[in-house]
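Here is the naming used below: chain letters follow the sequence lines, and residue numbers restart at 1 for every chain. Since this is a predicted model, take the numbers as computed values, not measurements.
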There are 2 protein chains.
Amino acid sequence: MADRGRPRSFDRNAALTRAMELFWTKGYEGASISDLTVAMGIGSPSLYAAFGSKEALFREAIELYGRTEGPQIWDAVENAPDARSAVAGFLTATAHSFSRPGKPRGCMVVLSQLNTTEASASVCAALRENRAQGQSGLEARLRQAVAAGELPASVDVGAVAAFYLTVQQGMSIQARDGASEDKLLSVAKGAMAAWEPLTGP
Amino acid sequence: MADRGRPRSFDRNAALTRAMELFWTKGYEGASISDLTVAMGIGSPSLYAAFGSKEALFREAIELYGRTEGPQIWDAVENAPDARSAVAGFLTATAHSFSRPGKPRGCMVVLSQLNTTEASASVCAALRENRAQGQSGLEARLRQAVAAGELPASVDVGAVAAFYLTVQQGMSIQARDGASEDKLLSVAKGAMAAWEPLTGP
DNA sequence: TGCTTTCTGTATCGAACGACACAGAAATGG
DNA sequence: CCATTTCTGTGTCGTTCGATACAGAAAGCA
């Protein structure tokens, strides 16, 4: 009963992927509807019929980004055998992810809308919430290590997570400024040099 | 011969300061001419007569930012008695500067235009150049310490500078997301925990 | 007091913005 | 084949963008 009428002439998922790449490159406000329709290969009425609005399209794009790009970083955190290799994997996977040839550099969640304007307030809030999940994810992995007796209970889990998340967010700026994967890996190595002092008894 | 004609009815420096604060808060593309004229308390013809264009106004605002906000961070680097306190001062001054009540949070050079669009390409390039000067500044201070025999010659000066600059740039994101000065200081402390491993022989 | 020069306020320019009306095209169900 | 439903392409809506034309106001110089 839902497949009546003229069928959609484009691949919705493919179009969403193109939109994600454009938002990733130009940001939320930087990517115009005209830019998007060209990149997606459709007319604006098709865009609005399929996605509702620019903001709704962006939210779907962010969701797709988290589903496709997120695991490359977060699988390493969850599956690592110990907390140190979890954080090290987090940063090395980030270095790799932020510098892949043919893909926009840096993290879409960090870069696509940092300045809150009247029109982008809700989008900014959603991105901020998304970034806060990064803090929670790292914290959870560290708490797990404390519970397992792997790290001393005296470790300030929130502070350690905030430090490594801050480094990762800084890597988005570095990546946008052209830093190579090697340079990003060097930054990750620098951050891991703080591990023993930060987590020691 | 230049003071003929009707005199300007507003304080150019005061208006520029207001423009800087608005660009700092909303970004280059996020601050419209209409926003700017309201904040500066002048009409748009006065803005164009006094500053030339939106981009020229922004460049003056960035220059003012570097002249007024920069020293709070960089004086600590240049005047510190040793390299470690130079970098520690760099980060603690950053934590303070990025969380001052009544001022926009984070660094204007990092936050005001990260997504390159057709209209903002030259502004983005200028900001990137400005960020690169941060790398050079830190590197120079570290090289000076190596030359003085304070740090071993084996230290990878560029890598250490890149690490600390990356942390500082990440602190801009954290500050925009609402991190308190204490939280930023905690991040700075975390980064300094890497100092001895990074600069040891 | 003119005359020149420069700035201010109103009003507006063409372009681009996000969003959509409308008519025709392309599918299914009867 | 026809009616119904849904999508596509053209064209355009009202708004806002950055940037100015123009006329009048306010100063110095003669």
Side-chain angles (χ1 to χ4, degrees), chain A residues 1-16 18-19 22-23 25-61 112-113 115-124, chain B residues 1-16 18-19 22-23 25-62 112-113 115-124 126:
Chain A
M1 58 175 70
D3 55 344
R4 292 241 311 228
R6 179 175 173 175
R8 180 175 290 132
S9 68
F10 61 94
D11 182 335
R12 192 183 190 277
N13 290 330
L16 178 58
R18 305 281 152 69
L22 196 69
F23 279 131
T25 302
K26 306 184 106 181
Y28 173 64
E29 293 192 312
S32 71
I33 295 289
S34 174
D35 292 333
L36 287 162
T37 55
V38 169
M40 298 163 85
I42 61 177
S44 51
S46 298
L47 188 156
Y48 281 92
F51 298 99
S53 68
K54 186 186 182 184
E55 175 169 341
L57 173 60
F58 180 76
R59 287 177 182 272
E60 280 203 53
S112 54
Q113 190 65 31
N115 296 118
T116 305
T117 64
E118 295 81 357
S120 68
S122 64
V123 159
C124 281
Chain B
M1 62 173 68
D3 56 345
R4 292 241 308 229
R6 177 175 177 176
R8 182 175 287 134
S9 67
F10 61 94
D11 181 337
R12 192 183 191 277
N13 290 329
L16 178 58
R18 304 284 152 68
L22 195 70
F23 279 132
T25 302
K26 304 183 105 179
Y28 173 64
E29 293 192 312
S32 70
I33 295 290
S34 174
D35 292 333
L36 287 163
T37 54
V38 169
M40 299 163 84
I42 61 176
S44 50
S46 299
L47 188 157
Y48 281 91
F51 299 99
S53 68
K54 185 185 182 183
E55 176 170 343
L57 173 60
F58 181 77
R59 287 178 182 272
E60 281 203 53
I62 281 287
S112 54
Q113 190 66 33
N115 297 118
T116 305
T117 64
E118 296 82 356
S120 67
S122 64
V123 159
C124 282

Within 45° of the ring axis of A:F23 and under 6.0 Å from its six-membered ring centre, is that where the NZ or CZ of A:K54 lies? no

Verdict with reasoning, B:F51 to B:E60, per side chain to side chain contact (heavy atoms under 4.5 Å, CB included): CA-CA 8 Å; B:F51 299 99; B:E60 281 203 53; 3.7 Å; yes

Nearest whole angstrom, please: distance from the [atom2] of [N] to the [atom1] of [X].
| X | N | atom1 | atom2 | answer |
| --- | --- | --- | --- | --- |
| A:I42 | D:dC7 | CD1 | P | 12 Å |
| B:M40 | D:dG18 | CE | P | 13 Å |
| A:E118 | C:dC17 | CD | P | 19 Å |
| B:L36 | D:dA19 | CG | C1' | 13 Å |
| B:L47 | D:dT20 | CG | P | 12 Å |

Looking at A:R59, I'd like to know if its CZ atom is crowded, meaning that more than 12 non-hydrogen atoms belonging to other residues, nucleotides or ligands lie closer than 6.0 Å. yes

From B:I42 CD1 over to B:R8 CZ, what is the distance, rounded to the nearest 0.5 angstrom? 8.5 Å

Quick one: OG on B:S112 to CG on B:L22, what's the gap to the nearest 0.5 Å? 11.5 Å

Of all of residues 5-12 of chain B, which get a heavy atom below 4.0 angstrom from DNA chain D, listed by number? B:G5, B:R6, B:P7

How would you summarise protein contacts on nucleotides 10-15 of chain C per nucleotide, using B for base, S for sugar-phosphate only and - for none, with heavy-atom distances below 4.0 Å? BB----

Assess whether side chain to side chain contact (heavy atoms under 4.5 Å, CB included) is satisfied between B:Q113 and B:I62, documenting all intermediate values. CA-CA 12 Å; B:Q113 190 66 33; B:I62 281 287; over 6 Å; no

Between B:Y48 and A:G41, which is nearer to the 5' end of DNA chain D once each is assigned its nearest nucleotide? A:G41

Please identify each residue that fulfils side-chain hydrogen bond (donor to acceptor under 3.5 Å, both in side chains) with B:T117, with sequence neighbours left out. B:E29, B:S120

Can you pull the side chain to side chain donor-acceptor pair (under 3.5 Å) pairs that have at least one residue in residues 35-51 of chain B, sequence neighbours excluded? B:K26-B:D35, B:S32-B:D35

Determine: side-chain N/O of B:S46 to OP1/OP2 of C:dT8, distance under 4.0 Å, yes or no. yes

Starting from the C-alpha separation in whole Å, work towards a yes-or-no answer on side chain to side chain contact (heavy atoms under 4.5 Å, CB included) for B:L16 and B:D11. CA-CA 9 Å; B:L16 178 58; B:D11 181 337; over 6 Å; no

Just the table, please: protein N/O against nucleotides 14-17 of chain D N/O, every pair under 3.5 Å.
{"from": "D:dC17", "atom 1": "OP1", "to": "B:S32", "atom 2": "OG", "distance (Å)": "3.4"}

Quick one: side-chain contact (heavy atoms from CB on, under 4.5 Å) partners of A:A121, sequence neighbours excluded? A:T116

Check: B:A50 main-chain N/O paired with B:R12 side-chain donor or acceptor under 3.5 Å: yes

